[in-house]
Q: 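Below is one structure. I have some questions about it.
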Protein chains: 2
Amino acid sequence: MTIKEVSEKYDLSADTIRYYERIGLIPHVPRKENGIRDFDEAACGWVEFSKCMRNAGVQVEALIEYVDLFFKEGTEEARKDILVEQRARLQEQYEQLKATMERLDYKIAHYEELMVKKCPNLKS
Amino acid sequence: MTIKEVSEKYDLSADTIRYYERIGLIPHVPRKENGIRDFDEAACGWVEFSKCMRNAGVQVEALIEYVDLFFKEGTEEARKDILVEQRARLQEQYEQLKATMERLDYKIAHYEELMVKKCPNLKS
DNA sequence: TCTTGACTTCGAGTACACTCCAAGTGTTAA
DNA sequence: TTAACACTTGGAGTGTACTCGAAGTCAAGA
């Protein structure tokens, strides 16, 4: 698979994918004889994984560390620790998000009430 | 209340609070005769609100727009629209977060299993 | 053969959200 | 009265994560 196909498949710019490889957020992608990237299933998997994690807000730094450990023997515990820490971060973000959404709901309801009062005929 | 007290109360740096006022993310804070900020309840409320929204990931730009409209008559609908849009953004983020946390749980479980296999005596 | 277009690398530029700094003022405590 | 300290403004600097540009290679079609 070319970088363009992968880019379209996962809706990430080719620049971003190259950037991720450059900084080690995804492992080295196999190349054809002419040097052009030729994504295999594993490489695609990493792209998909990194996209998922980044979308949720996992830091680039943590992912780089994880990928780095992934290719070293006996680092299972350290890898797990990274995942656990990031899991906790996401959990916190999740709570914050929930609370803020409730607050927004409350404010939105207030505005809706206001608007019904202003235009009683439009209350549907 | 001084900026220092507000800063401590909401765990936001004084620099950040001044920055928020400067860019209009919170309305103008009342001053004493000598020009020093003197936060009243309303000003504190805005600080707290902006902190909550920013922590959840609401963009600075959207909050500036909201605060701007807040002091203009007849902008209730526009204000509501901003809140509704931001609510939708947070909802999306929420789904993404949930999915990613599940995925991390799965991976963490995998590592735990691995480690139990390696050290059967430590399976507790 | 020549042009078009996708790819390569690497370094520079950008956007966002702070965060810090310099220069100056005002208040309090020794 | 002088030092210490918190505050003011406006502008410059920083960190993170991309995003773009330049210069060059390579393969395919007119």
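Lettering of chains follows the sequences in order, A, B, ..., and the numbering in each one begins at 1. Side chains included, hydrogens not; waters and symmetry mates left out as well; all remaining heavy atoms used. These numbers come from a predicted model, not from an experiment.
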Q: dA17(D) C1' sits how many Å from R54(A) CZ, rounded?
A: 7 Å
Q: Atom CD of Q59(A) and atom P of dC18(D): how far apart are they, to the nearest Å?
A: 12 Å
Q: Below 4.0 angstrom from OP1 or OP2 of dC18(C), is there any side-chain N or O of S13(B)?
A: no
Q: dC18(D) phosphate, OP1 or OP2: any side-chain N/O from Y20(A) under 4.0 angstrom?
A: yes
Q: Can you check whether T16(B) has a side-chain N or O nearer than 4.0 Å to OP1 or OP2 of dA17(C)?
A: no
Q: Would you kindly compare E33(B) and V58(B) by the position of their nearest DNA chain C nucleotide and give the one closer to the 5′ end?
A: V58(B)
Q: Would you call E61(B)-R89(B) a salt bridge at under 4.0 Å N-O?
A: no
Q: Flag yes if more than 12 heavy atoms outside Y106(B) fall under 6.0 Å of its OH atom; otherwise flag no.
A: no
Q: Please give, in whole Å, the distance from dT19(D) C1' to L12(A) CG?
A: 13 Å
Q: Using 4.0 Å as the upper bound for N to carboxylate O, is an ion pair formed by K98(A) and E102(A)?
A: no
Q: Is it the case that the side chain of D38(B) and the backbone of M1(B) share a donor-acceptor pair, with hydrogens and angles ignored and the cut-off at 3.5 Å?
A: yes
Q: Just the rounded figure in Å: distance from P of dT16(D) to CG of L63(A).
A: 14 Å
Q: Would you call the rings of Y66(A) and Y111(B) parallel, tilted or perpendicular if under 30° counts as parallel and over 60° as perpendicular?
A: perpendicular
Q: Rounded to whole Å, how long is the line connecting atom OH of Y19(B) with atom C1' of dC20(C)?
A: 14 Å
Q: Determine the interplanar angle of the F70(B) and W46(B) rings, folded into 0 to 90°, and report it as parallel if under 30°, tilted if 30 to 60°, perpendicular if over 60°.
A: perpendicular
Q: How many Å lie between CD on E61(A) and P on dT16(D), as a whole number?
A: 8 Å
Q: Quickly work out the I23(B) CD1 to dC18(C) C1' distance and round it to whole Å.
A: 9 Å
Q: Tell me: CG of D11(B) to C1' of dT19(C), nearest whole Å?
A: 15 Å
Q: Assign a letter to each nucleotide of nucleotides 6-11 of chain D from its 5' end: B, base within under 4.0 Å of a protein heavy atom; S, sugar-phosphate only; -, no contact.
A: -SBB-B
Q: When you check the gap from the basic side-chain N to the acidic O, do E76(B) and R79(B) get nearer than 4.0 Å?
A: yes
